[in-house]
Amino acid sequence: MSEKQEFTFFENVERSFDKAAKFTKWDLGVLEQIKACNSVYRMRFPIKRDNGTIEVIEAYRVQHSHHKSPCKGGIRFSDEVNQDEVMALASLMTYKCAIVNVPFGGGKGGIKINPRNYSPYELEKITRRYTSELVKKNFIGPGIDVPAPDYGTGEREMAWIVDTYTSLKPGEIDAAGCVTGKPVTQGGVRGRKEATGLGVFYGIREVCNMPEVMKKLGLSTGIEGKSVIVQGLGNVGYHSAKFFREHGAKVIALAEYEGAIFNAAGLNEHEVFLHRQKTGSILDFPGATNLAKNTDALEMECDILIPAALESVITKENADRVKAKIIGEAANGPCTPDADEIFLKKNILCVPDMYLNAGGVTVSYFEWLKNLSHVRYGRMEKRFTENLNGKIINEIESLTGKKVGAEEKAIILHGADEVDLVHSGLEETMIAATREIMDIWLNNDDIPDMRTAAYVSAINKVATSYAELGIFP
Ligand code: NAD
């Protein structure tokens with residue numbers, strides 16, 4: 001029997017949790033409370049299809065932890081959605097938020113549909129009905145539970161959600177904060193779309209800048225020249241590939257569900273994206289070789305492998321054949337606990353999902369704060385900074401008698417825009433989280449891998465906030 005059949009996704013999250021719990025000081029009861037899913041809402045509702053038939057839709061919202069409010073986590077549209085998967089993803093959100101110090105409890109939603117099989121009008125009806133079901137049960141709101149995009153959803157769906165919510169809650173002044181990942185015109189924040197992929201890049205770059213870690217893997221420090229393979233050319237995969245390429249890495253292979261392509265000289269993700277848009281497939285991309293199966297990309301020689309599609313793609317069945325030196329888990333749960341054991345033996349460093357893909361929730365936090373403060377980032381200080389910097393340059397020029405070059409002047413004068421501040425906040429968050437987890441891992445010889453260290457960090461933080469609430473005196 002394959003590992004996938006032996007353990008569910010939620011059980012695998014629990015297995016990783018239990019492995020780490022041994023390295024903490026908390027009582028069993030505290031650990032049980034942290035692990036448990038607090039609320040699970042399973043719903044069914046009908047929609048009328050474009051052809052006149054009625055279809056019953058299955059959907060979920062899970063609030064894993066209420067140790068902080070609101071709960072936070074994406075909504076997934078996939079025909080693989082089930083209660084166990086949503087519970088697993090909601091749990092990961094709790095740990096992820098704790099690691100990156102984002103003050104939310106974990107949540108997740110899912111609708112069991114393949115969005116490719118529905119028209120935009122049908123998808124809109126499903127999304128709006130799902131939102132009103134959440135409102136009815138008090139499962140959504142800026143202080144209750146705040147969804148975001150995930151697999152199969154994006155800005156468009158978030159715009160439908162905020163519109164439905166605000167129409168049902170007239171006069172609620174902070175209503176825009178009921179969901180994040182919205183288009184900028186609907187209260188979104190600049191920098192959210194690329195946030196998860198950019199966070200993946202920042203996290204891996206920080207790991208690659210650690211000489212002692214790179215030495216153990218037989219790699220040089222830095223990103224420049226490293227070979228990268230990305231599975232999944234959706235929001236997270238596309239942006240991860242983009243930032244690696246822009247910083248001097250070579251994206252040698254890309255995989256989508258219809259197949260995979262390889263080019264040792266490097267692929268440009270945007271050109272591949274346009275080719276796929278035109279032809280309906282990434283295959284037959286000019287200059288690249290088609291691989292026999294899309295999973296072949298996971299088993300090719302490379303420095304960094306980025307699974308950015310779905311969970312359980314590297315299991316005990318294929319982990320032995322993985323040749324990457326570093327795996328950056330951009331998706332949630334792409335590697336199973338049994339695969340982790342194999343990576344240890346093969347000296348492969350697996351950088352875990354629960355903090356590496358936290359860029360999305362980090363920038364969602366910034367968006368939520370923007371919605372509550374009702375002011376765009378940078379609006380108050382941009383002009384002030386530019387005026388002040390102008391005065392400093394003038395003073396330096398008059399004191400030294402030398403002129404600052406036009407290019408340098410433009411850089412120094414620039415006051416931060418919203419996107420500059422969001423990227424800077426994200427970079428700081430990812431660097432701090434990487435260092436915190438590495439500190440736990442490298443200072444305790446018994447902790448076997450980075451995932452366990454990440455769980456230790458998360459468990460300690462969630463338990464501490466329960467203690468601060470007086471729940472565990
Ligand atoms: P997406 O729907 O934008 O993209 C996923 C892509 O993966 C799609 O293009 C799909 O065709 C492709 N895919 C599906 N099965 C595949 C297979 N077997 N092989 C290769 N490609 C395959 O979704 P996304 O938002 O990029 O999310 C991807 C993963 O990242 C999910 O695990 C999600 O939970 C996680 N994640 C997303 C965010 C976010 O901000 N969107 C944040 C954190 C984590």
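Small disclaimer: the values here were computed from a predicted structure and weren't measured. Both ligands and their constituent atoms are indexed starting at 1 by order of listing.
- Between Thr289 and Ile261, the closest side-chain pair of non-hydrogen atoms is not below 4.5 Å.
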Using atom types as modelled, flag every donor-acceptor pair under 3.5 Å from a side chain in residues 271-278 to any protein atom, sequence neighbours excluded.
residue : atom : partner : partner atom : Å
His275  : NE2  : Leu283  : O            : 2.8
Arg276  : NE   : Glu258  : OE2          : 2.8
Arg276  : NH2  : Glu256  : OE1          : 3.2
Arg276  : NH2  : Glu258  : OE1          : 3.1

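- Considering both main-chain and side-chain atoms, Leu89 never comes within under 3.5 Å of ligand 1 through any nitrogen or oxygen pair.
- In this structure, CZ in Arg61 is found 10.5 Å from CD1 in Ile111, a value given to the nearest 0.5 Å.
- Of the protein's heavy atoms, Tyr151 CE1, 3.5 Å lies nearest to atom 5 (C) of ligand 1.
- Arg129 has its side chain within reach of Pro46: a pair of non-hydrogen atoms, C-beta onward, lies under 4.5 Å apart.
- Counting heavy atoms only, Gly234 comes closest to atom 4 (O) of ligand 1 of the residues Gly234, Ala148, Ala330.
- Here the heavy atom of the protein found nearest to atom 43 (C) of ligand 1 is Asn357 O, 3.5 Å.
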query = For Arg15 and Asn12, what are the C-alpha separation, side-chain angles and deciding distance, and is it a side chain to side chain donor-acceptor pair (under 3.5 Å)?
reply = CA-CA 5 Å; Arg15 288 168 77 202; Asn12 274 335; 2.8 Å; yes
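- The protein non-hydrogen atom at the shortest distance from atom 2 (O) of ligand 1 is Gly152 N, 2.9 Å.
- The atoms of ligand 1 that sit less than 4.0 Å from any heavy atom of Ala255 are 20 (C), 21 (N).
- Side-chain atoms of Asp84 never come within 3.5 Å of backbone atoms of Thr8 as a donor-acceptor pair (strictly under, hydrogens ignored).
- Considering backbone and side-chain N/O of Asn332, one or more are found under 3.5 Å from N/O of ligand 1.
- Within the structure, the closest approach of Lys193 to ligand 1 does not fall below 4.0 Å when heavy atoms are considered.
- In terms of polar-atom proximity, Ala309 is counted as a contact of ligand 1, with an N or O under 3.5 Å from an N or O of the ligand.
- Considering only non-hydrogen protein atoms, atom 40 (O) of ligand 1 sits nearest to Thr196 OG1, 2.8 Å.
- Closest approach of Glu329 to Pro352, counting heavy atoms only: OE1-CA, 3.3 Å.
- At the top of the distance list for atom 24 (P) of ligand 1, counting protein heavy atoms only, stands Val236 CG2, 3.9 Å.
- Per-residue contacts place Arg192 under 4.0 angstrom from the following atoms of ligand 1 (heavy atoms of the residue considered): 40 (O).
- Within 6.0 Å of NZ on Lys193 lie no more than 12 heavy atoms contributed by other residues, nucleotides or ligands.
- Checking Val228, Leu349, Ile304 one by one against Ile204, the side-chain contact (heavy atoms from CB on, under 4.5 Å) holds for a single residue, Ile304.
- In this structure, the side chains of Tyr455 and Met354 come closer than 4.5 Å at one or more pairs of heavy atoms.
- Less than 4.0 angstrom separates some heavy atom of Arg116 from each of these atoms of ligand 1: 11 (O).
- The atoms of ligand 1 that sit less than 4.0 Å from any heavy atom of Asn294 are 17 (C), 18 (N), 19 (N).
- Residue Lys96 has no nitrogen or oxygen atom sitting less than 3.5 Å from a nitrogen or oxygen atom of ligand 1, judged on distance alone.
- The closest approach between any non-hydrogen atom of Arg76 and ligand 1 is below 4.0 Å.
- Residue Glu258 places no heavy atom under 4.0 Å from ligand 1.
- In this structure the side chain of Glu341 never reaches within 4.5 angstrom of the side chain of Pro448, judged on heavy atoms.
- Between Lys108 and ligand 1, no pair of N/O atoms sits closer than 3.5 Å.
- Distances from atom 9 (O) of ligand 1 to the heavy atoms of Arg276, Glu80, Glu256, Met354 put Glu256 nearest.
- If you check each of Asp150, Val200, Leu298 against atom 36 (N) of ligand 1, the one with the closest non-hydrogen atom is Asp150.
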Residues Tyr151, Glu311; criterion side chain to side chain donor-acceptor pair (under 3.5 Å); working and verdict = CA-CA 11 Å; Tyr151 186 91; Glu311 58 267 17; over 6 Å; no
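- Residue Ala308 places a heavy atom less than 4.0 Å from ligand 1.
- Put simply, CG on Asp163 and CE on Met158 are 13.5 Å apart, with the number rounded to the nearest 0.5 Å.
- Ranking the protein heavy atoms by distance from atom 3 (O) of ligand 1 puts Asn235 N, 2.9 Å first.
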